[in-house]
Amino acid sequence: MTDRAPEPADAAARRAVKPVICYPTAGLPAPDTALYRAARAGARKLAEVTVPPREAATFRVQAGQFFRITSTEGPQVGDLNLWNAHDLAERFYSGKTRALHGTHLTEGDRMWSGFPYLRPMATITRDTLNWYGIDAFGGSVHDVIGTRCDPYTGNLLAGTQYHHCCHSNLTRALADETGLPLAEAEARVHDVLNVFMCTGFTRDTGQYFMKASPVRPGDFLEFFAEIDLLGALSACPGGDCSAEHSSDAAACHPLLVEVFAPKEGALAGWQSPGLNGYDRSHGR
Ligand SMILES: [Zn+2]
């Protein structure tokens, strides 16, 4: 530990400075939620995939379609990765999504891709847990503050070799879907949207915490695909994440992913977002 530095005379005044929001989102292109709602109302189900406990599964969604993640049998959190279906280099950027929308996502928030793309990949259109808000511990649901559980951290902390962390589940699923060797698939796996997971930072030490998810069978999170997507979802070995997440100790359940297509013409006037407009000259 480092020694605590002496407080300056004006420490209280410096602490009392009011925060400003880093990225006021009023300037972001807003999703046309009324159009999405109308399109969803007439949509038909195209496909479904069940993600087995402690495993991951992939799914494909075309731009303009919807996908829904449902907890079907018991409280279970899911780790979600998204890629551009035609270019795995474009993938979900949890850090910028957090900077834009806050620590936890809900209806109206979007999942943004990384540089140099930086465009909405998906928009959350329904969240049956949106009643939860922020609890007395500072916890909330569907975070973009965690990473994904992985075997490297477990090895670092406890010397373990555990193979069903979300990182490994997502790696195997992406390799199986694309034919990529395991090591190349692993490099495409990225920090996740923690679907249904209830997390926050402790107020006294600022540490990342989790607690039992409030999700119950029938709860779902639904998305509108803004671009053609390849998705991978892992049913986390933490189950409801009430205790631990890098072993086979927790009770785990499957997750259901369903894909829905709106009726022909239901998205009239809507366009899949183009690439970010920055010219990429970086001052040269
Ligand atoms: Zn996990």
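Just follow the structure's listing: the first ligand is 1, and inside any ligand the first atom is 1.
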Quiz item: Within a radius of less than 6.0 Å around CG of Leu28, do more than 12 heavy atoms belonging to other residues, nucleotides or ligands occur?
Solution: yes
Exercise. Specify whether an N/O/S atom of Cys241 falls short of 2.8 Å from the Zn ion (ligand 1).
Key: no
Quiz item: Donor-acceptor pair, Gln65 side chain versus Phe260 backbone, under 3.5 Å?
Solution: no
Quiz prompt | Single hit among His104, Met111, Arg98 for side-chain contact (heavy atoms from CB on, under 4.5 Å) with Val144 | solution = Arg98
Quiz item: For residues Asp109 and Thr106, is any side-chain donor paired with an opposing acceptor at under 3.5 Å?
Solution: no
Quiz item: Can you tell me if Cys165 has an N, O or S atom under 2.8 Å away from the Zn ion (ligand 1)?
Solution: no
Quiz item: From Cys149, does some N, O or S atom reach closer than 2.8 Å to the Zn ion (ligand 1)?
Solution: yes
